[in-house]
Amino acid sequence: MIPRLKSIGEIGRRSQVFNQNVKITQLGKCGRIEEATRIFNQMPHRNTVTYNSMISVYAKNGRISDARNLFDKMPRKNLVSWNTMIAGYLHGDKVDKARELFDKMTQRDDFTWTLMITCYTRKGDVEKARVLFDLLPEKKKNRACWNAMIAGYAKKGCFGDARKLFDEMEDKSIVSWNSMLAGYTHIGEMSLGLRFFEEMDERDVVSWNLMVDGFVNAGDLDSAWTFFQRTPDPNIVSKVTMLCGFSRNGRIMEARRLFDEMEDKNVVSWNAMIAAYVQQCQIDEAIWLFTQMPEKNAVSWTTIINGYVRVGKLHEAEQVLNKMPYKNVGAQTAMISGYIQNRRMDEARRIFEKIGTPDVVCWNTMIAGYAHCGRVDEALSLLKRMPQKNVASWNNMIFGYAQTGQMDKAVAVFEEMGEKNLVSWNTLISGFTQNGLFTNALTTFLLMVQDGKKPDQSTFVSGLCSCANLAALEIGNQLHQTVVKSGYANDLFVSNALISMYAKCGRILSAEYVFKYIDSVDVISWNSLISGYASNGNVEKTVKIFQEMTVKGVKPDEVTFIGVLSACSHSGLVDDGLNLFRSMTEDHLIEPVAEHYACMVCLLGRAGRLEEAFQMVREMKIEPTAGIWGALLYACRVYGNLEIGRVAAEKLSKLEPHKSSNYVLLSNLNAEAGRWDEVESTRILMTDRGAEKQPGWSWI
DNA sequence: TATGCGTAGT
């Protein structure tokens with residue numbers, strides 16, 4: 001009797017453990033980690049599967065350290081426990097940790113190998129993945145390993161290597177075909193993708209989804225929609241893919257219709273819909289959906305925090321973060337970005353320091369924050385502390401140095417870093433351009449192309465801007481041809497840079513030609529053309545285009561007025577200039593900046609109306625810059641006004657103590673007035689301050 | 001009932 005009773009108890013206990021294990025896994029799949037944890041903690045008996053399930057739940061929900069703690073303290077590990085922990089590291093992007101466990105294992109199965117290979121391919125390190133693949137004994141090489149390796153190559157765009165393995169593979173599965181297809185669609189090679197898709201022996205819903213996603217990413221929403229509608233049995237992923245396609249193209253109504261028609265909504269589809277509204281800054285609708293959704297996960301909370309950050313409601317974002325049941329790194333990073341966007345670096349830093357193990361995105365956000373506000377030293381000290389840097393970490397540092405004009409250090413970082421991506425090159429090139437090192441910018445452009453990188457919008461804009469400033473028409477022309485060949489001819493930013501380049505190289509008709517062929521011009525296009533005519537000295541055309549712009553309902557901005565006012569100044573149209581200046585402040589409510597004042601001082605000064613110019617400088621709301629005093633001093637020199645000239649020279653000697661031209665102007669002014677003693681003292685002052693006159697250098 | 005390969009959401 002007694003043994004039988006005991007065994008019934010045993011059976012009951014086992015089935016209870018079994019059921020609870022299932023429950024833990026199910027809860028984990030819905031992101032209900034707290035409930036899973038509670039069940040786990042309250043279980044009177046646990047077996048190895050219980051621990052493995054709980055580890056997997058933690059790892060897949062971003063709580064990798066909780067997973068590891070459990071792994072370390074569990075009583076009896078089996079091979080699945082080790083594999084699950086490696087899978088956790090794969091999920092959390094921690095290759096080194098995964099490799100550490102992999103190396104410690106005394107026994108490995110096909111799961112172990114596939115996991116480790118995938119760890120490397122996710123990082124794009126196909127070489128290391130291939131080493132493992134080749135090390136793997138033939139009898140353990142199953143389809144999953146092959147597929148992982150093929151997918152690794154394909155995603156990196158190594159179609160040759162992928163195809164070679166694919167052709168070698170004997171028992172191809174639908175996953176093998178889809179892995180190849182994903183390579184094409186991911187890179188945006190949609191014509192190759194389409195050809196491969198048509199060659200496929202069998203297709204499943206994933207194949208169709210890949211095509212839809214590929215077309216969405218390529219911006220071809222019509223084809224995406226066609227493929228979506230042709231999909232035999234669209235699943236939730238198909239619908240979310242299409243929904244995001246609409247959302248990314250601002251077609252929120254169509255996205256919403258798709259969402260409303262979905263009968264099988266899950267947490268991802270809710271999150272996607274919420275994200276769509278966040279992207280449109282329709283935070284109220286996002287919040288409404290958030291309150292309505294049946295299950296929320298970390299992504300839902302993070303999306304809402306991001307939404308509030310986007311519309312500048314930091315206080316609300318803080319409240320959401322406080323209410324969030326388990327604050328993951330992603331959500332805290334969203335909050336950090338919010339503080340950074342509002343220049344509240346100390347608060348950003350406080351949150352950052354509280355996070356136990358910030359991930360690479362979080363570190364990079366912080367570093368980028370410091371770089372953007374010019375606090376490069378703090379950025380650098382974080383970079384040094386960072387356990388694992390990626391390309392973006394280094395890129396942020398390059399950006400920081402470029403921002404603060406330290407191009408030598410930017411170059412040093414660029415040379416020190418290992419793998420460089422397009423952003424690394426672009427950051428360096430635009431850094432050179434912004435710091436006036438135009439030749440370096442163009443040389444780097446060339447090196448980049450030689451390195452096999454394809455220039456993009458940003459590269460072309462920097463390159464063209466450099467040509468503009470160097471008046472390098474020939475290179476500019478070559479760049480224009482490359483722009484057309486690379487398919488950026490319809491890009492607004494590139495077109496604007498082309499207008500500017502042609503205008504500054506004196507080819508105003510070419511500039512106008514580019515302007516005419518832009519689909520929808522923006523204020524920058526108009527400004528480029530206006531400044532182009534202004535700097536070519538054609539005041540009639542400048543004003544005419546300005547009028548055309550206003551007639552077409554484009555609102556001029558401060559740059560527009562710099563162009564128009566400088567044209568007036570060059571042509572001596574004093575009254576027109578004064579009227580425009582008044583219209584700018586009174587009709588267009590544009591607060592004048594230093595450049596506007598410099599134009600006005602120049603305008604009045606050239607006309608000899610020095611008193612008015614001086615009065616304008618004294619009455620300006622902002623601190624006069626060296627450029628403004630310089631313009632005044634120059635005018636005083638021309639008209640021999642010693643009194644105002646001295647004031648201007650005095651200010652200039654404080655603002656630019658090392659610039660020789662300032663002293664030369666004052667000295668010439670004194671000489672014309674016959675004040676030879678002053679001439680001498682100015683020259684002594686100039687030598688004392690170390691301002692050397694450069695031969696052949698003129699103020700203009 | 002726990003772990004791997006191809007598709008969706010921050």
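Atoms considered below: every heavy atom in the structure, side chains included; atoms not considered: hydrogens, waters and symmetry mates.
Between the side chain of A:Asn147 and the base of B:dG4, no donor-acceptor pair under 3.5 Å is found. The base of B:dG4 sits within donor-acceptor range of the side chain of A:Asp110, with an N or O pair under 3.5 Å. Between the base of B:dG4 and the side chain of A:Asp109 there is no donor-acceptor pair shorter than 3.5 Å. For A:Asn235 against B:dA8, a side-chain-to-base donor-acceptor contact under 3.5 Å is absent. Judged by distance alone, with hydrogens and angles left aside, A:Asp204 brings a side-chain donor or acceptor within reach of the base of B:dG6, the pair sitting under 3.5 Å.
In this structure, A:Met242 places its CE atom 13 Å from P of B:dG9, rounding to the nearest Å. With rounding to whole Å, A:Ile117 atom CD1 is found 10 Å from B:dG4 atom C1'. When rounded to the nearest whole Å, the span between CG of A:Asn217 and C1' of B:dG9 equals 14 Å. The CZ atom of A:Arg46 sits 21 Å away from the P atom of B:dT1 (whole-angstrom rounding). Rounding to whole angstrom units, NE2 of residue A:His45 and C1' of B:dT1 are separated by 17 Å. In this structure, A:Asp233 atom CG and B:dT7 atom C1' are separated by 15 Å, rounded to whole Å.
B:dT1 has no stacking from A:Phe18 on its base ring, since the centres under 5.5 angstrom apart and planes within 30 degrees of parallel are not both found.
Ring geometry for A:Phe215 against A:Phe227 counts as tilted: the plane angle lies between 30° and 60°, on a 0 to 90° scale. Using bins of under 30°, 30° to 60° and over 60° for the plane-to-plane angle, the ring pair A:Trp301/A:Phe290 lands in the perpendicular bin. Ring geometry for A:His372 against A:Phe399 counts as tilted: the plane angle lies between 30° and 60°, on a 0 to 90° scale.
Within 6.0 Å of the CZ atom in A:Arg13, the count of heavy atoms belonging to other residues, nucleotides or ligands exceeds 12.
Near DNA chain B, meaning a heavy atom under 4.0 Å away, the residues from residues 84-94 of chain A are A:Thr84, A:Ala87.
Listed nucleotides: B:dG6, B:dG9, B:dA2. Nearest to the side chain of A:Asn178: B:dG6. Among B:dA8, B:dA2, B:dT7, the nucleotide with an atom closest to any side-chain atom of A:Lys155 is B:dT7. Taking every side-chain heavy atom of A:Ser56 into account, B:dT3 is the closest of B:dT7, B:dT3, B:dG6. The side chain of A:Val237 approaches B:dT7 more closely than any other nucleotide in the set B:dT10, B:dT7, B:dT3. Minimum atom distance to the side chain of A:Asn83 is reached by B:dT3, of the listed B:dT10, B:dT3, B:dC5. With B:dG9, B:dT7, B:dG6 as the choices, the nucleotide that has an atom nearest any side-chain atom of A:Ile174 turns out to be B:dG6.
Taking the six-membered ring where the residue is Trp, the centroids of A:Phe197 and A:Trp208 are separated by under 6.0 Å.
Under 4.0 Å is where a charged nitrogen must lie from a carboxylate oxygen, and between A:Asp109 and A:Lys140 no such pair does.
Looking at heavy-atom distances under 4.0 Å, A:Arg122 makes contact with sugar-phosphate atoms alone, never a base. A:Val22 comes within contact range of the sugar-phosphate backbone alone, with a heavy-atom separation under 4.0 Å but no base atom that close. Residue contacts for A:Asn78: at a heavy-atom cut-off of 4.0 Å it reaches a base atom on one of the strands shown. Contact annotation for A:Lys141: no contact, since no heavy-atom pair falls under 4.0 Å across all strands. Using a 4.0 Å heavy-atom distance criterion, A:Thr302 is classed as a base contact.
Applying the 4.0 Å criterion to OP1 and OP2 of B:dA2, one finds that A:Lys60 has every side-chain N and O outside that range.
Under the rule for a ring-ring contact (aromatic ring centres under 6.0 Å, His included), the partners of A:Trp146 that lie at least two apart in sequence or sit in another chain are A:Phe133. Scored by the side chain to side chain donor-acceptor pair (under 3.5 Å) test, A:Lys141 finds A:Glu138 as partners (sequence neighbours excluded).
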